[in-house]
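Below is one structure, written out as structure tokens; comments come after it.
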Amino acid sequence: MDVHEAIELQEEEIETLRAIYAEELSVGGTPGARELTISIAPASTAGSSAPALQLWVALPSGYPLDAEQQPPFGLTGSLAAALEDSHIEASLSELWADADGAGVI
């Protein structure tokens, strides 16, 4: 696995996410150790101080090329409690297993 190639793919995926979630996406860390947060507020709660759902993802240095390094993630916000964590985790794990080196976030 080429870490430099993985970092390039991460940056490309981040740019795609920025195009989709311009105001909702927050990117921290440095290349090879990125942390992403996407905050979603349904139209009915727009203007609220807290997002209804927030997804946090840490990108391991080998993501997305290293299939052994599934990105850790977390969900918070008022809607997070209503979601079944085990179902979401299983769905993301399945997406990751089927990604074959492609970004899945």
For the student: nearest non-hydrogen atoms of S61 and V3, plus distance: O-CG1, 4.2 Å
Quick one: does I40's side chain get under 4.5 Å of I38's, heavy atoms only? yes
Separation between CD of E15 and CD1 of I20, rounded to the nearest 0.5 Å: 11.5 Å
I'd like to check T16 versus E12 (side-chain heavy atoms, cut-off strictly below 4.5 Å). Are they in contact? no
Nearest 0.5 Å please: distance from the CG atom of L25 over to the CD1 atom of I105. 9.5 Å
So, for A58 and P71, which heavy atoms are closest and what is the spacing to 0.1 Å? O-CB, 3.3 Å
Taking side-chain hydrogen bond (donor to acceptor under 3.5 Å, both in side chains) as the cut-off, I'd like each qualifying pair that reaches into residues 28-37, sequence neighbours left out, listed once. E11-R34, E35-W56
Has the side chain of Q10 got a donor or acceptor atom that lies under 3.5 Å from a matching backbone atom of P60? yes
Is it true that S39 and Q54 share a donor-acceptor pair across their side chains at a distance under 3.5 Å? yes
Nearest heavy atoms of A6 and L65, plus distance in Å: N-CD1, 3.7 Å
Residue pair Q70 / Y63, side-chain donor-acceptor N/O under 3.5 Å: no
Those residues that, when tested against E23, pass side-chain hydrogen bond (donor to acceptor under 3.5 Å, both in side chains) (two or more places apart): none
Which value, rounded to the nearest 0.5 Å, describes the distance between L9 atom CG and D2 atom CG? 9.5 Å
